[in-house]
Structures are given as structure tokens and as C-alpha cells.
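Following: one structure in C-alpha cells, then a few remarks.
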2 protein chains.
Amino acid sequence: MDTSAPLKDDLPCIACQQRLCRFVDGQKPDITPLRIELQRGDRLECMTGNCLKFWSVVRGTTAVCTVLKDGRRQIVALAGPRDAICGMLADGHSPHWLEALEPCEVCEIDFTPRAAILAKDARFMRALMDIMHDQLVRTSQHLITLGRLDSTERVILFIGQLALCSAAEDGTPRPVTLPMSREDIADYLGLNAETVSRILTKLRKSGLVKFLNRSEFVVPDLDALRRRLPMQLMNDQASVIGQFADGRTGERRAQA
Amino acid sequence: MDTSAPLKDDLPCIACQQRLCRFVDGQKPDITPLRIELQRGDRLECMTGNCLKFWSVVRGTTAVCTVLKDGRRQIVALAGPRDAICGMLADGHSPHWLEALEPCEVCEIDFTPRAAILAKDARFMRALMDIMHDQLVRTSQHLITLGRLDSTERVILFIGQLALCSAAEDGTPRPVTLPMSREDIADYLGLNAETVSRILTKLRKSGLVKFLNRSEFVVPDLDALRRRLPMQLMNDQASVIGQFADGRTGERRAQA
DNA sequence: CGAAGCTTTGATGATGCTCAATCGGTGTGG
DNA sequence: CCACACCGATTGAGCATCATCAAAGCTTCG
């Protein structure tokens, strides 16, 4: 439906679901998507200042990350395959960056050279709004988690969301891989690594979660997890904006 | 409970800084901004489901609010004069609404009737993106606060931000009015009311904050507050997107 | 095998919540 | 005008939660 300018043939853009790369004009070389390989701990900076860089995750799990002056670290958001992250998260308060939590592949697109043109492109601006909105909903949800859930609830919610993403269509439980270390989980959930470890042990002993090894687990009964949470446990929200009646209603993010 | 009246031509839209109301076509009556008066505790729902409603606060302080099943309340964001809130914060997890923390005046615009047209309007989509981005930056900042600051730091940051907003151009301290109750502050900061009260007492006794009465205070030395924080204390970020070089570079939100 | 890096587990303490009592304004009715 | 009720704010006591520090166990990789 949308006229999408194809990427170079060797770069099939499964990553951003055409949200971004369709605005790359194959004829003009001023904007060239970059495929970037990241090892654990690698960072992509430039989330401050004026830049129109975007990253979409192709493989692996990344974190939008920040630190305070004294070294306290907070993971503001997680981004896995098919998630798009905007580099515009500039806030002067503290530095932000995108960090790989495991080996990752990321596609970077910098629209800066064509900013003036794209500003007049309704489809582009809408795509940006889509991304922002999506991120805003997730960040708001996470904020509630940090503000009002206790440590056990936070971990259960986290485990549950992962399990829900990996579950089969019919809800059959499937093994889930924890894509990050205990400390990363802690920094995401506003806890510390020991607390996370203790809670995981507790959940394992209670039978809510079965660990195959340190980084793989199965949730045998997702509803049992749900009953421990004071909120809905949902996979992903109807991403955006069925409001604009141009035929794209009720898009969803992840497709099985 | 709330008296709402159509916005007349004689009411200049100082509220949304032309961000939204400039897309209202005076000739066509399909979109009519409403001026709404709210008393403390009044709510504007419809932050779930598909709707293109926006509110911009004209007077007073409002909160984007949510509750968990067991009644725990979290204020996700505060919105005062000149702030715009989108009703699209739909997430299926928990209900959201806009709540007046004191007597308020809000301007409501529902763009739904013209959604199809506006979806093709780059300026409109960009205005939405502006609002989303602004909100996202603030929400991310607040998320860090809830994730990694202890209770005293949270209160100091909150007090400091209020003081900074009210300070004169040259930084001279001015009296600040606390626009909300202790419990509201607590629900914003992920604490409880008693803890907030205790911390405010502690800050008063330490001389960092001088209270004129229960809801008015002065910060005699803002830098002393800053030294207690592990992050920058900044008034407002360059709101958005100097990236798009069409002449509107470096807009700022509040103007003195 | 050994070293390094996670992870787990334990002991201990600080932080912040809960419950309860009191205080201080504000509004209402006698 | 005063007595009273009501609501929010304050203060205290006690306790649950979670962080810190330390030691030991597991994995991985050279």
C-alpha cells in the first residue's frame, strides 16, 4: 500500500517492519542503512543532541541505558528484534545510550541528511509518531512497575512478559531464554542482582518457574503467574493508532 | 461536575501554544475545542481505546493517573499549564485517566472526525510527534527517578524542579506553591504520604527548604539542592526536534 | 587446571511502609 | 461566636523489604 523504497538487495529489512527503511530512497545515497554487529556491552551513543538516528534491532537484546553520576545504572527500556529505537531521547539530565545485552545485530539509519524533506512527509512523521507512541506506552507501563510493584511482583511481571512472548499460539508453554544477566535484570527492574537472584530462587522453589539451566526456563502455568500480579499481563498492545482511518487499523507489533 | 463550553473565537489559545489548536478549522464545525472546568479529583477518562482526543492544560495542575487492581495508585506524569496530553495512552494493562489535582481549566480537542485528513498532514503528524516525544523524554526521566533514586533524592528532585520553574530569570529564589497534596506527591514519586511528610520535615529542619505554610515554600539555595542530586537538575529540555531544519529550531516549552 | 565472571546464599543493617495517635486548619450548624 | 466534625499533615513505634557486604559455588574459556 505504501510506496516503499526497497533497501539494497543484500539488506532485507525484516527488522523495522518497513517502519523506517521504506523512507530510504534507493536512488539517492545520502542515507545508507548500516548493519552493525554488537558484542555484549557494546554501546551506540548519540542519543543526545540533535540527531535523527534510528536503530532497529535485528537480532539480540539491547537496552536503552543510563547512569547517574555515582554510577547507579538504570535500564530505561529493552529492545529486541523488530523494535525500533529513536536516538532523539535527548534529555540533558543524564547520558543515554543503546547497549547490547548479548551479541546483537542492529540496523542504523540516520535521516539527518534528508531532514528538511522528511519533515514535510506525513507518512514519515507518522512513522516517527508511531515509534514514539509505542515507546511511550511501554515506558509508562514500566514506570508503574517501578513506582508501585514490590520486588517479587516486578520479577514475576518480567518473567511473565517473556513467557508470553515465547508462548505458542495456543498458549502452550515453551522454553524461554533469559537474554540478559541478573544484574541487567536488576538494573531494568530497579533492584539489585542479589535480590533478583533470591526471587528467582523463590519462584523456582514455589514451582511457578522451572529452570532448565541458568538462562532458560519454562512457566508451566501462566495463569498462576497472572494471579500474582495486580495488573493485566499482556503480550503487546495494539501498537498504534487505529485512529487514522486509512486502512491500517489495528496493526500489531509481533507477528508469530 | 464539569462545565464544558465550546471554545469561542474570543478565547485565544494560549494553552497549547498553537501546537494543537492551529489544526482546528474555524470554518468547519466538525471539531470544536471544549473548555472544561475541573474540581480537585475530577477525571477525564477516555485514555483507553481508539480516540484522538487531546487535552491541553490552561490552568491548574493535572495528573495522568492509574490504579492497580488492589488500589495502589501511580501518577505517571504531571501536566500543568501549556502541557498537552494525548488521550492515546491506551495500554490494556491498567486504566489511565487525567485527574485534576487542584481546580483546573482544560481545553479538549477531539480530532477523530478529521482523522483521515489529518493523517496526511505532515505538520499535524509532526505536532503529535512533538507531544509524544516531549512526553517520552519526561517519562523516561521520571522512570529513572523511580528506579534509582532513594526517597530523599526523589523529593529533592521534585522540589528542585518546582523551584526551578518558578525561579526568576536571574535565578533569584521565589516562593513556590505546591500544587498537590502529600499523597499526590507520594503517588507521583512512588512513596507514601507519611514518608513524603517526614522528608519534607527533614529538609525544612536542614534549611534546604523554607516553608511559608503547608503548601508554599522557598528554596534559598538551589545549588545546595543540586549538590544533593546524582543528576543534572534542569528546568525544561529543548522541547523537540531541532532536527527538522524548516526554520523552527530549538523551540522551548515554557517562556517566562 | 586455573582464572575470571556470574550466580547463589547468608548475615546484617538501613530504608521506607503500616498502623495509630495527634495536630492543625476549614467549614458547618447551633 | 463557639463547638464540632472532617480532612489532611505530622509524628512515633514497630516491622517488612530490600540493599550491602562477604563468601562460596558454577560455568566458561583459555
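Values below: every heavy atom of this structure, side chains too, minus hydrogens, waters and symmetry copies. Here is the naming used below: chain letters follow the sequence lines, and residue numbers restart at 1 for every chain.
Between B/Arg72 and B/Asp187, no side-chain nitrogen of the basic residue sits less than 4.0 Å from a carboxylate oxygen of the acidic one, so the salt-bridge criterion is not met. Taking a cutoff of 4.0 Å between a charged side-chain nitrogen and a carboxylate oxygen, A/Glu37 and A/Arg59 qualify as a salt bridge. B/Glu105 has a carboxylate O that lies under 4.0 Å from a charged side-chain N of B/Arg35, or vice versa, which qualifies the two as a salt bridge. Under a 4.0 Å N-O distance rule, the pair B/Arg226/B/Asp221 does not qualify as a salt bridge.
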*Could you go through the side-chain contact (heavy atoms from CB on, under 4.5 Å) check for A/Leu78 and A/Leu101 one step at a time?*
CA-CA 9 Å; A/Leu78 296 175; A/Leu101 302 181; 3.7 Å; yes
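Distance A/Lys202 NZ to D/dA16 C1': 12 Å, rounded to the nearest Å. Computed from coordinates, the A/Glu153 CD to D/dC18 C1' distance equals 14 Å when rounded to whole Å. As rounded to whole Å, 17 Å separates atom P of C/dG24 from atom CZ of B/Phe211. We find that CZ of B/Arg72 is positioned 12 Å from P of C/dC17, with the value rounded to whole Å. In this structure, B/Leu203 places its CG atom 13 Å from P of D/dT11, rounding to the nearest Å. For the pair B/Asn213 CG and D/dA9 P, the interatomic distance rounds to 12 Å; values are reported in whole Å. For B/Arg182 and C/dG24, the CZ to P distance is 15 Å, given to the nearest whole Å. Whole-Å rounding puts the A/Leu200 CG to C/dT8 P distance at 7 Å.
In this structure, A/Arg40 reaches the sugar-phosphate backbone alone: every heavy-atom distance under 4.0 Å involves primed, P, OP1 or OP2 atoms, never a base.
The phosphate of D/dT11 (OP1 or OP2) has a side-chain N or O of B/Thr201 nearer than 4.0 angstrom.
When atom types are taken as modelled, the side chain of A/Glu216 and the backbone of A/Asn213 share no donor-acceptor pair closer than 3.5 angstrom. Side chain of A/Thr66 to backbone of A/Pro95: a donor-acceptor contact under 3.5 angstrom is found.
Remark: the A/Glu108 side chain and the A/Trp55 side chain contain an N/O donor-acceptor pair separated by less than 3.5 Å.
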Could you list all N or O pairs between the protein and nucleotides 19-21 of chain D that sit under 3.5 Å apart?
| residue | atom | partner | partner atom | Å |
| --- | --- | --- | --- | --- |
| D/dA19 | OP2 | A/Thr195 | OG1 | 2.4 |
| D/dT20 | O4 | A/Arg198 | NH2 | 2.9 |
| D/dC21 | N4 | A/Glu194 | OE2 | 3.2 |

What N/O pairs connect the protein and nucleotides 24-30 of chain D at under 3.5 Å? Give each pair on its own line.
| residue | atom | partner | partner atom | Å |
| --- | --- | --- | --- | --- |
| D/dC26 | O4' | A/Arg214 | NH2 | 3.0 |

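Put simply, CD on B/Gln74 and OG1 on A/Thr145 are 9.5 Å apart, with the number rounded to the nearest 0.5 Å.
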